[in-house]
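The next block holds one structure in the form of structure tokens; read it before the comments.
This one's a predicted model, so the numbers in the text were calculated from it and none came from an experiment. Residue numbers start from 1 in every chain, and the chains themselves are labelled A, B, ... in the order their sequence lines are given, proteins ahead of strands.
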Protein chains: 2
Amino acid sequence: MLNYSQSEENYIKAIYHLQADGETVTTNALAQELLTRPASVTDMMKKLKTKKLLNYQPYQGFRLNNEGKKVALGIIRRHRLWEYFLSEKLKFGWDEVHEIAEELEHVSSKKLVDKLDEYLGFPKFDPHGDPIPDMNGKIENYQQVSLVDLPLNTLAEVCHVSNQSTEMLDLLKHKNISIGTRLEIKQKFHFDSSVEIKIRQQHLVTISEQLAKNIFVRYGA
Amino acid sequence: MLNYSQSEENYIKAIYHLQADGETVTTNALAQELLTRPASVTDMMKKLKTKKLLNYQPYQGFRLNNEGKKVALGIIRRHRLWEYFLSEKLKFGWDEVHEIAEELEHVSSKKLVDKLDEYLGFPKFDPHGDPIPDMNGKIENYQQVSLVDLPLNTLAEVCHVSNQSTEMLDLLKHKNISIGTRLEIKQKFHFDSSVEIKIRQQHLVTISEQLAKNIFVRYGA
DNA sequence: ATAATATTTTAGCCAAATCTAAAAAAATAT
DNA sequence: ATATTTTTTTAGATTTGGCTAAAATATTAT
Ligand SMILES: [Mn+2]
Ligand SMILES: [Mn+2]
Ligand SMILES: [Mn+2]
Ligand SMILES: [Mn+2]
């Protein structure tokens, strides 16, 4: 696997995100994403085309090919592993990790990244709930649903909370739930739609429908 | 504190090391150190002079001024903290950490570095036994003493042996001790004044008073 | 003191990554 | 179907950090 410049890597990653929905990526969209000028994008697209990372014909937009996607997944892997490290080990807040990971992701040692992965215990999701590609660039399939829609006895991981009020965060803290918490539903009570959950290595707790609606989890497909 | 490019930082750090003995640094010496050309060095020296990091008159060599030294110590701090992290947490070998730290040192977030320092437990020495500057750029003074006088549980680095006989060197080799070995004393036995030492990443070994007397170590004041 | 050698600087060129302004092409509106 | 507007590309410039070759300066040897 060749090495790419910091700038090339930032372009590759941005294209990957923009083309995720199957669309062709446009010059303007990419320029906006990277806070740069359309002319600069065109220049870089020519370069990445000669490096055989994407398909591009003038005026036709562009998409990463398989090689380009593989490179992108490597960068995303590094980015998310560092975010996890910053959040989990160094106790940075969710909002602070992205900017620093934006730099760390460009340190390219393969051995570093794989050892970091191991040290962190092969985490599956970054602090924002986004999946971390494994050594082979594979991202786990997952379903993302509100906790009220999680099937009984299905291990899932909290990946998102749709309400960030102090009150909600207080309650979550009290119930010992945060992003990354692994849990399963043991029982649903139809009277008030409350659910009884078992958090990994903790006791059973009951949470209200109100709260469950705002907790999002992912589980294996 | 301003931000400097990766290239500028590599020059600053190299000058710092070369001028350590009070000498004026020459164009050729720096070019050799950085595997670059003298002409490139001259260009960069002009730039660093306008940035007020060093004193430089054509043909006269150069030295970092106080501001330049402060910047250099920041880079060295990052470099050595990352080396410690790679060695201690990710279990890289001593010989592998430098190259990776050469990249990581350029990630400039002050908060990252200070949190990393805290996470690592404010280590005083990197895996090569070199001292790690603290948040204020301060490097601990060294004490150099015979191993028999090293306080318990104090990490130190072997810097000298006062007997160079084949017999002594044989014994040192057998005990896996050489210049640069980092160790601490775990126990002193008063019966025969032997000491039990823990060498970094190795098992405990016991050495005689006779041997300990002839081993000199340095440690943070 | 002068000549020979070594070091350092200057001059001029190059590649990467950016920019602005103008031209070209595509998309949209009349 | 044209005209207008938007998007994209091209042309040409700039900055950073590097290079080679030649000139300038300093050092060393005779
Ligand atoms: Mn980045
Ligand atoms: Mn993220
Ligand atoms: Mn470096
Ligand atoms: Mn070191």
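Considering only side-chain atoms of A/Asp43, the nucleotide from D/dT9, C/dT18, C/dT9 that sits closest is C/dT18. Among D/dT9, D/dT25, D/dG18, the nucleotide with an atom closest to any side-chain atom of B/Thr36 is D/dG18. Nearest nucleotide to the A/Tyr56 side chain, out of C/dC19, D/dT9, C/dT9: D/dT9. Among the nucleotides D/dG18, D/dC19, C/dT8, the one closest to any side-chain atom of B/Ala39 is D/dC19. Of the candidates D/dT10, D/dT25, D/dT9, the closest approach to any side-chain atom of A/Lys46 belongs to D/dT10. Residue B/Arg37 has its side chain nearest to D/dC19 when only C/dT9, D/dC19, D/dT8 are considered.
Among the heavy atoms of the strands lying under 4.0 Å from A/Pro58 are primed sugar atoms or P, OP1, OP2 only; no base atom is included. A/Phe62 comes within 4.0 angstrom of nothing in the nucleic acid, heavy atoms only.
Between A/Asn28 atom CG and D/dT9 atom C1' there is a gap of 12 Å when expressed in whole angstrom units. Separating the OH atom of A/Tyr59 from the P atom of C/dA23 is a distance of 13 Å, rounded to the nearest angstrom. Atom P of nucleotide D/dT16 and atom OH of B/Tyr11 are separated by 14 Å, given to the nearest angstrom. Note: CD (B/Gln60) to P (D/dA24) measures 19 Å, nearest angstrom. Rounded to an integer number of Å, the gap from A/Gln32 CD to D/dT8 C1' is 15 Å. The distance from atom CE of A/Met44 to atom P of D/dT9 is 15 Å, rounded to the nearest whole Å. We find that CD of A/Glu9 is positioned 15 Å from C1' of C/dA16, with the value rounded to whole Å.
Contact annotation: B/Ser7 side-chain N/O to D/dT16 OP1/OP2 distance is not under 4.0 Å.
Centroid-to-centroid, the aromatic rings of A/Phe85 and B/Phe85 come within less than 6.0 Å.
Counting heavy atoms from C-beta outward, A/Pro123 and A/Leu81 have side chains that approach closer than 4.5 Å. Side-chain atoms of B/Asn214 and B/Leu147, non-hydrogen and from C-beta on, never get closer than 4.5 Å to each other. When side chains are defined from C-beta on, B/Lys52 does not count as touching B/Lys49, because their heavy atoms never get closer than 4.5 Å.
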Mind running side-chain contact (heavy atoms from CB on, under 4.5 Å) on B/Leu53 and B/Glu8 for me, showing each step along the way? CA-CA 11 Å; B/Leu53 294 179; B/Glu8 287 169 334; over 6 Å; no
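Pair assignment for D/dT2 gives C/dA29, based on Watson-Crick or G-U wobble hydrogen-bonding distances that are each under 3.5 Å.
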